[in-house]
Student: 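Following this message is one structure expressed as structure tokens.
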Amino acid sequence: NLYRRMGEADKAVNAYDGPIRLRAHGGMRIKSATTLPVVYRDQAHIEEARATFESRVWELLDDPNLTVIDPTLETSTTNFFLAYQNKNDKDLQQLTARLHLKSCPRLGMVAPHCEGDRKPGCIRLGLISAYFRRHSIGRMMIGLMRSLPKDDFEVVLITPRTTRDPLAREFQKLVDETIYLGEHFWEDQQKIADAKLDILFYPDIGMDIRTYFMAFARLAPVQCCTWGHPDTTGIPTMDYFVSSDWLEPEGAADHYSEELVTLPTLPTRYPFPDIPENFKDRTAFGLPEDETIYLCPQSAIKNHPDLDQLFAGVLRGDDTGRVVLVDGAVSHWSTLLKERWTTTIPDVQERITIVPRQAPEDFIALQAAADVILDTPHFSGGNTSYESFALNKPIVTLDSAFMRGRVTAGLYRMMEMDDGIASSLEDYVEIALRLGKDPGARADFARRLGERNEALFDEAAVTDVFADFFRSTV
């Protein structure tokens, strides 16, 4: 498990093989089969990982004796890392869902009230996540919770009891009822079934083990998810994926196992970020005053191999430039990145600096200290992009093939600004260098952001379109 967490996929699989040979442990076999790298050497490494993943899952599907009693304890994993490969994951997600249901049919239970006629009255709306707290999911959902019409909806919050930060407490005050997830998965499944919900809404599926496996049951007549983890689930009981007209490319319905619903707004009523009155300056982060700072604030897991060439293009084009990243949630991920750079971009790697992970206030200060923000291609920023735009910081982004790589571009479109959106990797480098090397162009860009970024925050129409969507499904 430690090797898996470190992103050392081959070592993890080898470590799993020992106990699996001693006992045919179904959960561990599934975990081994679905283990993926975190940092990829190149595109061929991605293709190899996907092919291996698929063949191992098919091998387990062909085993009539594969059995799991409680997947949250025995398998204890999701397909979280698939989304970072810049591929259509629909088939692999559906294949994995088949495997979980085959190994543990109890996952697919159906609550009795889902098979009868609905009684008239307020819509009972369940919201389930482990992240209704100071987290990107909490910030994404709190605006909707503050404004959802109370006369039409009884809101049931489903979440762990462990977190009591101010945002978590506000969530629990805003709802009619709270169901706390405990230590026993099957008991939690029954508690949610007993709540007799009309709709069960998952802001994220794939980041938390409990909510991922909970989604396999039919616990409400209508079940839907949205972009908290921006990838299809492959789960047959998930009816709708809620996205936005601003985000999806043509043909996007083929990317989802769910029915794709695109709202005329973004799927969040995002509040304006809390901006500290005083910032640390760049020297507090160990960064020089006399260099152009290109900050890539995204998680290390978003560092697709294509990003190396973007860094190299920027640094080769700006002799005073420095690319700055934030250390991975697991520091070994950054080690793997550095090893990759020695092969892919050895001539400029010395001008790439990795700073430690930061407290939320310091993370905003780090963004404020940068000259240009570099978005990761194929899996763009979300919360970080809202924060950067609130600071009037220019972001260079790529309009990618899948929604998860188009969020920052969608925010630009809402502001009617498209000159930060690149159409290719080469175009990306040109935009970054224009903004980095020309202080006047950078100042003009910041001015226009300050005039237009209001369109991104606390958009009242979001409440109406969500309420209409929920009513229409019931």
Side-chain angles (χ1 to χ4, degrees), residues 40 42-43 46 84-88 230 244-252 255 292-298 302-325 340-341 344-345 347-349 351-352 367 370-382 384-386 388-389 392-449 452-453 456:
Y40 294 94
D42 49 31
Q43 188 63 41
I46 293 175
Y84 299 93
Q85 298 174 340
N86 191 35
K87 297 288 184 179
N88 186 347
S244 169
D245 293 333
W246 296 100
L247 303 179
E248 296 290 350
E250 284 189 35
H255 304 162
T292 305
I293 300 299
Y294 298 88
L295 173 66
C296 183
Q298 302 304 321
K302 295 184 180 182
N303 279 231
H304 187 279
D306 284 348
L307 191 61
D308 295 5
Q309 297 309 314
L310 299 182
F311 288 167
V314 168
L315 293 174
R316 290 166 186 159
D318 185 350
D319 292 338
T320 68
R322 177 168 299 276
V323 169
V324 176
L325 286 77
R340 188 175 79 191
W341 296 335
T344 58
I345 51 173
D347 58 314
V348 294
Q349 67 166 338
R351 285 194 286 142
I352 302 176
Q367 294 174 77
D371 296 302
V372 179
I373 306 294
L374 302 181
D375 205 10
T376 38
H378 316 316
F379 200 123
S380 68
T384 51
S385 295
Y386 276 106
S388 292
F389 285 144
N392 301 332
K393 286 292 175 180
I395 306 176
V396 187
T397 193
L398 181 71
D399 222 359
S400 296
F402 303 100
M403 177 268 284
R404 54 189 175 270
R406 299 167 62 88
V407 174
T408 307
L411 298 180
Y412 268 130
R413 283 188 280 267
M414 288 189 68
M415 293 186 289
E416 298 182 351
M417 291 180 66
D418 60 5
D419 43 343
I421 306 174
S423 58
S424 66
L425 298 177
E426 294 75 18
D427 189 30
Y428 183 111
V429 172
E430 289 182 14
I431 295 171
L433 289 173
R434 183 172 68 248
L435 291 169
K437 297 174 74 173
D438 186 342
R442 198 161 64 239
D444 178 68
F445 202 101
R447 176 189 58 79
R448 288 187 291 130
L449 281 173
R452 302 184 186 200
N453 64 9
L456 305 180

Student: Find the distance between CZ (R351) and CG (D319) and round it off to the nearest 0.5 Å.
Tutor: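 It comes to 6.0 Å.
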
Student: Check this for me, if you would: do R448 and D419 make a salt bridge, where the nitrogen-to-carboxylate-oxygen distance has to be below 4.0 angstrom?
Tutor: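 So R448 pairs with D419 through a salt bridge.
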
Student: What distance separates Y428 OH from I421 CD1, expressed to the nearest 0.5 Å?
Tutor: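 Between Y428 OH and I421 CD1, I get 12.5 Å after rounding to 0.5 Å.
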
Student: Output, in order, the C-alpha distance, side-chain angles, deciding distance and verdict of side-chain contact (heavy atoms from CB on, under 4.5 Å) for R340 and N303.
Tutor: CA-CA 11 Å; R340 188 175 79 191; N303 279 231; 4.1 Å; yes

Student: Go through the steps for T292 and K437 under the test side-chain contact (heavy atoms from CB on, under 4.5 Å), then give the verdict.
Tutor: CA-CA 8 Å; T292 305; K437 297 174 74 173; over 6 Å; no

Student: Using a strict 4.0 Å threshold on nitrogen-to-oxygen distance, state whether R316 and D347 make a salt bridge.
Tutor: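 Yes, this pair counts.
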
Student: Taking the side chain as every heavy atom from C-beta outward, state whether L325 and Q298 have any pair of such atoms under 4.5 Å apart.
Tutor: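 L325 vs Q298: side chains apart.
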
Student: For the residue pair D308 and W341, establish whether any side-chain heavy-atom pair is separated by less than 4.5 Å.
Tutor: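 Answer yes - side chains close enough.
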
Student: Does a side-chain N-to-carboxylate-O contact under 4.0 Å join D399 and R406?
Tutor: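 Looking at D399 and R406, the cut-off is met.
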
Student: Determine the minimum heavy-atom distance between L433 and G317, stating which atoms define it.
Tutor: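 What the structure gives for the nearest pair is CD2-C, 3.8 Å.
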
Student: Under a 4.0 Å N-O cut-off, is there an ion pair linking R442 with D438?
Tutor: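 Salt bridge absent between R442 and D438.
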
Student: What about the rings of Y84 and H304, do their centers lie closer together than 6.0 Å?
Tutor: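 Here the rings of H304 and Y84 have centres that are no less than 6.0 Å from each other.
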
Student: Are any of the side-chain heavy atoms of I373 and V396 separated by less than 4.5 Å?
Tutor: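 Answer no - side chains too far apart.
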
Student: Between D318 and V314, is there a donor-acceptor pair closer than 3.5 Å when you use the side chain of the first and the backbone of the second?
Tutor: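 It does not hold such a pair.
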
Student: If every non-hydrogen atom of L411 is compared with every non-hydrogen atom of S385, which pair is closest and at what distance?
Tutor: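 In terms of heavy atoms, the two residues are closest at CD1-CB, 3.9 Å.
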
Student: Got a second to check how far R404's CZ is from H255's NE2, nearest 0.5 Å?
Tutor: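 If I round to the nearest 0.5 Å, the distance is 8.5 Å.
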
Student: Of all heavy-atom pairs between C296 and T376, which one has the smallest distance, and what is that distance?
Tutor: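 Taking every non-hydrogen atom into account, SG-CG2, 3.7 Å.
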
Student: Considering all heavy atoms of both residues, which atom of D375 and which atom of S380 are nearest to each other, and what is their separation?
Tutor: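 Where D375 meets S380 most closely, the heavy atoms are OD2-CB, 3.0 Å.
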
Student: Taking all heavy atoms of G436 and all of Y294, pick out the closest pair and write down the distance.
Tutor: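 Taking G436 first and Y294 second, the nearest heavy atoms are CA-OH, 3.3 Å.
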
Student: Between P377 and L310, is there a side-chain heavy-atom distance shorter than 4.5 Å?
Tutor: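 Contact flag for L310/P377 side chains = yes.
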
Student: To the nearest 0.5 Å, tell me how far L374 CG sits from L398 CG.
Tutor: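 Going from the CG atom of L374 to the CG atom of L398 covers 12.0 Å.
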
Student: Are S400 and F379 side-chain neighbours, meaning at least one heavy-atom pair lies under 4.5 Å?
Tutor: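 No, their side chains stay 4.5 Å or more apart.
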
Student: Measure centre to centre between the rings of F389 and Y412, then say whether the value is under 6.0 Å.
Tutor: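 Centroid distance F389-Y412: below 6.0 Å, so yes.
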
Student: Supply the atom-to-atom distance E248 CD to F402 CZ, rounded to the nearest 0.5 angstrom.
Tutor: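 So the CD of E248 and the CZ of F402 are separated by 10.5 Å.
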
Student: For the residue pair P249 and A401, what are the closest heavy atoms and their distance?
Tutor: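 Scanning both residues, the minimum pair turns out to be CG-O, 3.3 Å.
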
Student: Can you tell if the side chain of L425 reaches within under 4.5 Å of the side chain of Q309, non-hydrogen atoms only?
Tutor: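 Answer no - side chains too far apart.
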
Student: Indicate yes or no: does D245 engage R413 in a salt bridge with an N to O separation below 4.0 Å.
Tutor: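 So D245 does not pair with R413 through a salt bridge.
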
Student: Compare all side-chain heavy atoms of V324 with those of P297 and state whether any distance is below 4.5 angstrom.
Tutor: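 With C-beta onward as the side chain, the pair stays apart.
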
Student: Answer yes or no: is there a side-chain heavy-atom contact under 4.5 Å between I395 and K393?
Tutor: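 Answer no - side chains too far apart.
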
Student: CD1/I293 to CG/D371 distance, rounded to the nearest 0.5 angstrom?
Tutor: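 Between atom CD1 of I293 and atom CG of D371 there are 6.5 Å.
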
